[in-house]
Amino acid sequence: MARMPMTNTPRTATADDASAISRILARAFDDDPMMCWFFPDDATRDAALDRYFATLFTRQYVRHCLCERTEAAAAFWVPPEAQAKAVPDAETVQQLQDILGDRAPLFRDAVEAAAAHTPREPHWYLAVVGADPAARGQGHGAALLRSGLAKADAAGMPVCLESSKPSNLPFYEHFGFTVREELRLPGEGPLLWSMRREPRR
């Protein structure tokens, strides 16, 4: 019996979605080079990613930013007016450090390195987008991208993102992003591609 495809219509995510979203993103990022670098232990990565995304979502993004989800994907968007508030507070930083353990210094250095290359002019930032691998090919990630990009276009704003997964670059390029910069993360970390998309009318 064929599985029914899950609906890929975006809707605004709320704090009640934390558990579902953290599970989706843990599965989505299980093979992501940067997350594998932060969480190198295959045996514990899934649980650590679940806690990591739950913390970021509940303490940071759902409070201050635009979070959208489908049944099998999630995206966190940071509009220009939210960028100052989207920086983790001390308690969030402490929780992330507890999750990362001895990898916390690498995480801090990576965040600082990426931040140093962030464009200074107002822009929308796609902080996170991921789809459950079980639902790949059903258009969940694409639906979330279109939804957020439409809002950025309506505001006349460019959109920026970073990706450490080379196989994702053509997906973003399909939506009008171009590689702006290639950055090697400190501590012999993975490559990070900084991408940008100009607003469309």
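- Leu56 is not connected to Val93 by any chain of hydrophobic side-chain contacts under 4.5 Å among Ile, Leu, Val, Met, Phe, Trp and Tyr, and they are in different clusters.
- In terms of the side chain to side chain contact (heavy atoms under 4.5 Å, CB included) criterion, residue partners of His123 (sequence neighbours excluded) are, by chain and number, Gln83, Thr118, Pro119, Tyr125, Pro158, Cys160.
- The structure places CD of Gln60 at 10.0 Å from OG1 of Thr55, a figure rounded to the nearest 0.5 Å.
- Rounded to the nearest 0.5 Å, atoms OG1 (Thr9) and CZ (Arg69) are 12.5 Å apart.
- Both Val159 and Phe175 belong to a common hydrophobic cluster when Ile, Leu, Val, Met, Phe, Trp and Tyr are linked at side-chain heavy-atom distances under 4.5 angstrom.
- Heavy-atom contacts from other residues, nucleotides or ligands closer than 6.0 Å to CD of Glu188 number 12 or fewer.
- For residues 64-89, the ring-ring contact (aromatic ring centres under 6.0 Å, His included) pairs, not counting sequence neighbours, are Phe57-Phe76, Tyr61-Phe76.
- For the pair Pro105 and Gly101, the tightest heavy-atom approach, listed with the atom from each and the gap, is CD-O, 4.4 Å.
- Counted by atom type alone, His117 and Ser194 present zero donor-acceptor pairs between their side chains at under 3.5 Å.
- The backbone N or O of Ala143 sits nowhere less than 3.5 Å from a side-chain atom of Ser147 that would complete a donor-acceptor pair.
- Side-chain contact of Ser22 with Asp50: a donor-acceptor pair under 3.5 Å is present, judged by distance alone.
- Take Ala82 and apply the side chain to side chain contact (heavy atoms under 4.5 Å, CB included) test, not counting sequence neighbours, and it matches Cys65, Val78, Pro79.
- Residues Asp153 and Arg146 are not paired through a salt bridge, judged by the lack of any N-O separation under 4.0 Å between the basic side chain and the carboxylate.
- At a threshold of 4.0 Å, the pair Asp32-Lys165 does not count as salt-bridged, since none of the basic side-chain nitrogens sits closer than that to a carboxylate oxygen.
- Residues passing the side chain to side chain contact (heavy atoms under 4.5 Å, CB included) test with Pro190 are Pro33, Met34, Trp37, Leu185, sequence neighbours excluded.
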What do the steps show when you test Ile21 against Val62 for side-chain contact (heavy atoms from CB on, under 4.5 Å), and what is the final call? CA-CA 11 Å; Ile21 284 176; Val62 79; over 6 Å; no
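- A salt bridge between Glu121 and Arg196 is present, with a side-chain N of the basic residue lying under 4.0 Å from a carboxylate O of the acidic one.
- In this view, Thr14 satisfies the side chain to side chain donor-acceptor pair (under 3.5 Å) rule with no residue, not counting sequence neighbours.
- Arg23 CZ to Asp17 CG: the interatomic distance, rounded to the nearest 0.5 Å, is 15.0 Å.
- Contact check for Ile99 versus Phe107: no side-chain heavy atoms found under the 4.5 Å cut-off.
- In this view, Phe39 and Tyr52 satisfy the ring pair (Phe, Tyr, Trp, His ring centres under 6.0 Å) rule, not counting sequence neighbours.
- Between Ile24 and Ala74 the shortest heavy-atom distance is CG2-N, 4.3 Å.
- Under a 4.0 Å N-O distance rule, the pair Arg103/Asp41 does not qualify as a salt bridge.
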Could you walk me through whether Leu145 and Phe171 satisfy the side-chain contact (heavy atoms from CB on, under 4.5 Å) test, starting with their C-alpha distance in whole Å, then the side-chain angles of each, then the deciding distance to 0.1 Å, before giving a yes or no? CA-CA 10 Å; Leu145 262 183; Phe171 173 73; 3.3 Å; yes
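- In this structure, Leu149 is a member of the same hydrophobic cluster as Val179, with clusters built from ILVMFWY side-chain heavy atoms closer than 4.5 Å.
- Distance check: Leu169 CG to Thr178 OG1 gives 11.0 Å after rounding to the nearest 0.5 Å.
- Under the 4.5 Å side-chain heavy-atom criterion for Ile, Leu, Val, Met, Phe, Trp and Tyr, Leu96 and Phe38 are members of the same hydrophobic cluster.
- Thr44 contributes atom OG1, which lies 10.0 Å from atom CZ of Arg51 (distance to the nearest 0.5 angstrom).
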Test Arg45 against Asp31 for salt bridge (Lys or Arg N to Asp or Glu O under 4.0 Å), laying out the working first. CA-CA 10 Å; Arg45 184 181 308 121; Asp31 64 347; over 6 Å; no
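- The side chain to side chain contact (heavy atoms under 4.5 Å, CB included) test applied to Ala104 returns Gln97, Leu100, not counting sequence neighbours.
- Ring geometry for Phe29 against Phe53 counts as tilted: the plane angle lies between 30° and 60°, on a 0 to 90° scale.
- Residues passing the side chain to side chain donor-acceptor pair (under 3.5 Å) test with Asp30, sequence neighbours excluded: none.
- Applying the ring-ring contact (aromatic ring centres under 6.0 Å, His included) test to pairs two or more places apart or on separate chains, none has a residue in residues 142-167.
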Might you work through the side-chain contact (heavy atoms from CB on, under 4.5 Å) test for Leu25 and Leu49, ending with a clear yes or no? CA-CA 8 Å; Leu25 293 176; Leu49 284 173; over 6 Å; no
For Asn168 and Trp193, what are the C-alpha separation, side-chain angles and deciding distance, and is it a side-chain contact (heavy atoms from CB on, under 4.5 Å)? CA-CA 10 Å; Asn168 282 346; Trp193 286 272; over 6 Å; no
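- Partners of Lys151 under the salt bridge (charged side-chain N to carboxylate O under 4.0 Å, His left out) rule, at least two apart in sequence or in another chain, are Glu68.
- Leu192 is not connected to Phe177 by any chain of hydrophobic side-chain contacts under 4.5 Å among Ile, Leu, Val, Met, Phe, Trp and Tyr, and they are in different clusters.
- Applying the salt bridge (Lys or Arg N to Asp or Glu O under 4.0 Å) test to residues at least two apart or on different chains, the pairs with a partner in residues 52-65 are Arg59-Asp89, Arg59-Glu91.
- Residues Ala131 and His140 approach most closely at CB-CB, 4.5 Å, considering heavy atoms.
- Between Arg27 and Asp132 a salt bridge is recorded (basic side-chain N to carboxylate O distance below 4.0 Å).
- Hydrophobic side-chain contacts under 4.5 Å tie Val87 to no other Ile, Leu, Val, Met, Phe, Trp or Tyr residue.
- To the nearest 0.5 Å, atoms CG (Leu144) and SG (Cys67) are separated by 11.0 Å.
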